[in-house]
Each structure stands twice: as structure tokens, then as C-alpha cells.
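What follows is a short report on a single structure.
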Protein chains: 2
Amino acid sequence: MASVTIREVADLAGVSIKTVSRILNDEPYVTEITRKKVNDAIQQLGYVASMPARRLASGQSYTIGLIFHNASWHYIQDVQMNVMETANKYGYSVLLHPCDITNQNHAHEIMNMVHQKQVDGFIFTPPSDNASELIQKLKVMQFPFVRLTPMDRESQLPFVTATDYQGALDMTKYLIELGHKRIAYVIGPQEQRAAHDRFAGYKDALLSAGYLFDPETMIQGDDHFESGYAASMSLISLDDRPTAIFCNNDEMAAGAMSAVFETGMNVPKDISIAGFDNIPLSKQVWPPLTTVDQPIAKIAKKATKHLVALLRGEELECLHCEIPTRLVIRKSTAQNFH
Amino acid sequence: MASVTIREVADLAGVSIKTVSRILNDEPYVTEITRKKVNDAIQQLGYVASMPARRLASGQSYTIGLIFHNASWHYIQDVQMNVMETANKYGYSVLLHPCDITNQNHAHEIMNMVHQKQVDGFIFTPPSDNASELIQKLKVMQFPFVRLTPMDRESQLPFVTATDYQGALDMTKYLIELGHKRIAYVIGPQEQRAAHDRFAGYKDALLSAGYLFDPETMIQGDDHFESGYAASMSLISLDDRPTAIFCNNDEMAAGAMSAVFETGMNVPKDISIAGFDNIPLSKQVWPPLTTVDQPIAKIAKKATKHLVALLRGEELECLHCEIPTRLVIRKSTAQNFH
DNA sequence: CTGAAAGCGCTTACAG
DNA sequence: CTGAAAGCGCTTACAG
């Protein structure tokens, strides 16, 4: 188990350890001949460089910290997989850090990761920026980070997001085209920027169609299934029942559907239901959900590329990126005949 | 950003760096007085030990490698969260490594993690052990690892699993009690140990009730929604249609339900559907699925504890652990009146 | 109970 | 194009 070191490779190849190091790091100014000698020695000894040694000597961790909040499981996982894939491609590892912004230790734990030299930069998922003292601190230190769909849009800080406003606008217009006049809305958590943008898109679509926005048909949700179920139940019991319910996310939309079936009614015949996100669940319920695709994979990949660019001191393509959403029409919505 | 080192703490406290190191590592034989002096200095300077330095000097990575395969997303995430939580509690980080056993580089990548000194041990999710040369290699090196539900049950290697056989037995008996005589089965991937155990439980329950096992009602699935949908469609079209379909997992069961609804029939009135795992999806479809709870969180936590015990040279509670499953009766199954 | 020395395995900065 | 020296910030092994 005593693994082979750069020293042994150097001895076998008959060069200095510095030369071996040059080859490991793809530095220029090495003759083909010595390069071959060293590579042969590496091959022969099965040498692999020690990461801890590398990190200590270079002062870099070659690691990205991904700070995620207890939001939707699928969102987190999709972000995670794509951040990892992209980071690995650029030679970076990913250190996951689950957290809870209501926790007093939140900022402290993150600063510890910095001081322990565990990470070179961060990617924050929403609602990351409500801990804004932390964000300001990192900014002042010039410690690199990229945020996903942050609440504030301070111009100097990079972020990546989706066209949430446009997505909700598209969906609402589509429902209006189907003849729905009373379209209820289940709004998402107030600490999420996306919840505000989506709601604004919904509201603007209503207004531009000349409809009134009725606060009675707007219900606060928390993005979980049960919350969509409860919202739907109370909307169903209204005297002037809505003919469509648009939810801030798919999970609540699935809950809303269950409530409709529970009361003996049918989706989409009696009530149309629409979600947002296009997570796998949206295809696994019956009828499959009409929704808006949130390009999580693209967002995560772009954010990672941007962080890597920052770490390398390169220029960003765009400081603030918006990735387009897309209307996905399935079977939970139908023409309104009421 | 030039962070404070152990040297500065030692100077401020008026002791040697070795003494500071002692306090950082909770070693005995330090007077209360010097302990206080050092802690005050740490506090005052805001000192946090550098992990790369610690790892290099100690030869330990304080990191657990979690090797996961592209199985069900929920399974992976549930395992991941619980491994991370438990590992962190014991002072370990987690390095995630997604992989594909069909990839030629699989074993090589994992051995690289070892040689790079990135991890002190591994946790493998199924179907990890089909790459058995790798497992044998690690075993010979005495590199610590714990497997989740491995295919082989070699007696010297630790693993943690669920009572899959018993769970499927319980579910099948329950369906028989409901009066179902023709119970179809959608089996899981052959490379998964759990798929075999669950199928065996189903078959034994049938046989012990004096029923014949009809190969026509057994369909090979791949654990994904679409596969359950397709299996269900072909079972529905049988002349002698089954009155119940038991699937190897919840995702396929959700697919099976969608197929029933698609053909204009009803669950559970026309056909009962049962799943396995008790993932969130099972409560988010309508009607909610009758299923068997697979205690993933407990399995992941126990596996992590065991790996930590191995790393510390401690005794394991049990070399092979079986965590009990539990029948969860919801609304996708009903009495058979056909 | 405390410390001086050596070393973990690399990279950085500087020579030549 | 190549190398000798110093150092990254800790821990280990050994003295006292």
C-alpha cells in the first residue's frame, strides 16, 4: 500500500522531481525525449499523484463547493449531477454542503469551508442570498462564487437563472386560449425569486387579456405535494370554482390533481391543472402534466463553467445568464366548456 | 486572505506548534492552563486548521467515497443524503463518484481515487459487485469498504441490505388475502440482488398458497416508469387478464397504473397495483400506491457507521445487516370480486 | 505534561 | 530546456 511517489518516478527516469512535476502539469519546455522517459517511468510504476500533497503545495483545492438548500429533491439532484459532471470535466471535484438558511451556523459553516481550504469557489442554489451578509463577505474577500436564481440582482455578481416570468406568461396565455376565464394560482415560497417571477408572469398574462386578478383564487403554497393538495381542495370548494389551476411547481400540481380525483371529479375534464419545472414526476402521474420546462441541467452546467472561468481568471460570456423555458403541453389541460 | 497558521497560534499562546496540534486533535496530557491559553489564541486569531495540510501530514483523507450507479434517482439521493449526514457527524467528508459498470474505466477510476489518496474507504451501491475483480482487488489490499445489497454474499465482506424476500412475501400474501388468484409480476433488472430476492418472495408466497406460477404473467422490467407502463399494457391484453400486478419498484408501479387508466379502466376497481420501495412518488400518484417500505435511510446510515468503524479499527455490530421492510397499504389495491 | 526535529509529497520561485 | 532549494501547514515519532 505504500504508494509510489514522484521521487521514485524521477529516479527511474533519471530526471529531477521538478521535471516529473512539469509533465504531470502539462507545462511546456520539455523535450519529447525526457517526456517519454518520464511517461514510461510513470506507466511502469503505476504512479498517480497524491492529491493532498498537490493541494497543499499549490494552495488550491481543485474543489467546488455546492451549497444547496432543502428545496425540491429533484431540483437539487439535477443541479448536483450536472455540476459534478461539468466540474469533473474541468478537473474539479465537488464538495456538497446541505444547509438550512434558518440555521444560525449557516454562514459560519460556509466560512469554515473557505478557511479550511476545502474549496476554491462556491455555487449557491436558491434561496442562498437571503443570507446576504455571507454573500457580501465573500464578495469583499473576492472569493469566487456563482448563484442560481438569486433573489437580488446586484449587478456585479454573476448568476444563472431561467426565464421564469416568460414561462409563466406562456402557460397562462395558453390556458386563456383554451377558454379558461377563472384561472387559480398556487404561488411558491416567498423567499424564492422564481416564485415571484412566475407569479408576475401569470398576473401580467391575465391583465393583458383584460381579466381581473381575483385574490381569492391565489393561494400560498410551499412547493410540496401536500400544499398543492390542500390549495386545490380549498379552490374546489369555492362558490365560483376556477376551471384551471396553475401551480408554481409540478409537485404541487400533482397534489392538486389528487385533490380533484379525491372529490370524484376529473382532470382535465372538470378542472385543468398546470405545473412548472417538467420534473420526471410530471410524466409519471396520470394524466401527464402540462408544464413549463425549467432547464435545470443547462443552468447548472453554465453556472459551473462560469465558476471555473472565474477560478481561471477568464472572462465570463455573460455576467447574468437567462436560459429559456419551454411550454410542454400534455394531458392535464383541456378546452374549457363551462 | 493569507490565512492564519498553527505557527501564529503557537507564538501568540507562547507554546510549540505540537501543543496547538494536541489541542486541535483532542489529545490528552495537556494542562487546563495551556489548553485555555491556546484556545484563547485560536479564538482571537480566528484560526481554522487547513485540511490539505492535515491530510498530507496524517496520511488520511477523512473522506468516504460513495460510488453510485445510475439506478433510481430517488434511491441514490436518499442514500447520498444519509451517508453525508452520518459521515459528517463522524468528521468525514463524502466524495461522490457516479459510475457505470459497463464502462471499461470503472475500476480504473475507482483505483485512482485510492492512489490519489482522495478517500479512506468506500460505500458501494448496487449493482456494484458485478465488477468483482475490483472488489477482490480492494479486499486483497485490505482497503475498507461496505456494500449495499450486493449480489454475492461472500462471508468475509460486510454489507447492509433490506429484507427484500420477506417484503415481497408479505405483499403477495396480502394480495392473496384480498382474493386475487392471478397476480402478475414485473421483475427488476437481473443484475440487482433485490430483484431476485423480491421475485423469490413473490413466488414462494404463491406456491405456499397452492397457486401455480404462470410464466405468462411474469414480465421483465428495468425499474423505469416506461417499462412498467409497457409491461402493464401487455398484461392487460392477455386473454386471462390478471387482477393484480405487483411490480419490483414504485416507479414501474406508477407506469402500470397509467397504462390501466389509459385503457379506460380503473385502479384498484379493475386491477390492483402494488409497488416496492415507498418512495415519495408512491404518495404523489393517484390513487396512492400500496407498497413495501424499503428503509433506505437506515441502510445508508448503518453502512456509513460500519465503514467508520472499519476505518477506526473497531468491531462491527454485524458483518451482514438486514434491515426490516414494512408493508404499506394505501389505495391502489382492493378486494378482488372477479 | 511539553517540545524540537523530521517528514508527508508535491509546487513555487529562482537559477542556470 | 532542466534542476536544487525552500516551503505549503500540518502530524508522527521520539525525547525529555
Side-chain angles (χ1 to χ4, degrees), chain A residues 1-39 41-42 45-63 91 93 112-118 120, chain B residues 1-39 41-42 45-63 91 93 112-118 120:
Chain A
M1 270 284 288
S3 43
V4 10
T5 71
I6 198 172
R7 180 76 264 161
E8 301 169 51
V9 175
D11 288 349
L12 181 61
V15 297
S16 73
I17 61 167
K18 172 66 228 194
T19 298
V20 178
S21 171
R22 277 200 181 87
I23 276 137
L24 294 176
N25 295 292
D26 277 322
E27 288 174 29
Y29 308 126
V30 187
T31 6
E32 265 320 304
I33 302 178
T34 73
R35 185 180 300 278
K36 178 157 178 11
K37 273 194 302 187
V38 172
N39 277 327
I42 287 174
L45 297 172
Y47 171 73
V48 182
S50 155
M51 282 306 290
R54 217 161 190 177
R55 295 194 230 257
L56 177 58
S58 73
Q60 286 179 265
S61 68
Y62 306 104
T63 302
S93 292
N112 254 8
M113 294 172 76
V114 173
H115 291 133
Q116 288 177 146
K117 309 225 163 139
Q118 300 237 59
D120 295 337
Chain B
M1 271 285 289
S3 42
V4 9
T5 71
I6 198 173
R7 181 76 264 159
E8 300 169 52
V9 175
D11 289 348
L12 181 60
V15 298
S16 73
I17 61 169
K18 172 66 227 194
T19 298
V20 177
S21 171
R22 277 199 181 87
I23 275 138
L24 294 176
N25 295 291
D26 277 322
E27 289 174 28
Y29 308 125
V30 187
T31 6
E32 263 321 303
I33 301 179
T34 73
R35 185 181 299 280
K36 180 159 179 6
K37 272 195 302 188
V38 172
N39 278 327
I42 287 174
L45 296 171
Y47 171 72
V48 181
S50 155
M51 282 308 288
R54 217 161 190 178
R55 295 195 230 257
L56 178 58
S58 72
Q60 286 179 264
S61 67
Y62 307 104
T63 302
S93 292
N112 255 6
M113 293 171 75
V114 174
H115 291 134
Q116 288 178 149
K117 309 224 162 141
Q118 299 237 59
D120 295 338

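These numbers come from the heavy atoms of this one structure, side chains and all, not from hydrogens, waters or symmetry mates.
Here Ser50(B) pairs with nothing under the side chain to side chain donor-acceptor pair (under 3.5 Å) rule; sequence neighbours left out. The salt bridge (Lys or Arg N to Asp or Glu O under 4.0 Å) check on Arg54(A) picks up nothing, with sequence neighbours excluded. Taking the side-chain contact (heavy atoms from CB on, under 4.5 Å) definition, one finds that Gln60(A) meets it with Ser58(A), Tyr62(A), Tyr92(A), Asp120(A), sequence neighbours left out.
Counting heavy atoms from C-beta on, the side chains of Val30(A) and Val38(A) never come closer than 4.5 Å.
Of all heavy-atom pairs between Pro52(B) and Gln116(A), the closest is CD-O, 3.4 Å. The shortest heavy-atom contact between Tyr47(A) and Val4(A) is CD1-O, 3.3 Å. Residues Asn39(B) and Ile23(B) share a closest heavy-atom pair of OD1-CG2, 3.7 Å.
Distance check, rounded to the nearest 0.5 Å: OG of Ser61(A) to CG of Leu56(A) gives 12.5 Å. Rounded to the nearest 0.5 Å, atoms CG (Leu24(B)) and CD1 (Ile42(B)) are 5.0 Å apart. Atom OG in Ser93(B) sits 6.0 Å away from atom CE in Met51(B) (nearest 0.5 Å).
Between Leu56(B) and Ser58(A), it is Leu56(B) whose nearest contact on DNA chain C lies nearer the 5' terminus. Map Thr5(B) and Arg35(A) each onto its nearest nucleotide of DNA chain D; the residue landing nearer the 5' end is Arg35(A). Heavy-atom nearest nucleotides on DNA chain C were determined for Val15(B) and for Ala53(B), and the one closer to the 5' end corresponds to Val15(B).
DNA chain D contains the following stems of three or more consecutive Watson-Crick or G-U pairs, with both distances under 3.5 Å: C:1-3 with D:14-16, C:5-12 with D:5-12, C:14-16 with D:1-3.
For DNA chain C, the span of nucleotides reached by chain B at under 4.0 Å from its heavy atoms goes, 5' to 3', from dC1(C) to dG9(C).
Of the residues in residues 17-27 of chain A, Ile17(A), Lys18(A), Ser21(A), Asn25(A) come within less than 4.0 Å of DNA chain C through at least one heavy atom, sorted by number.
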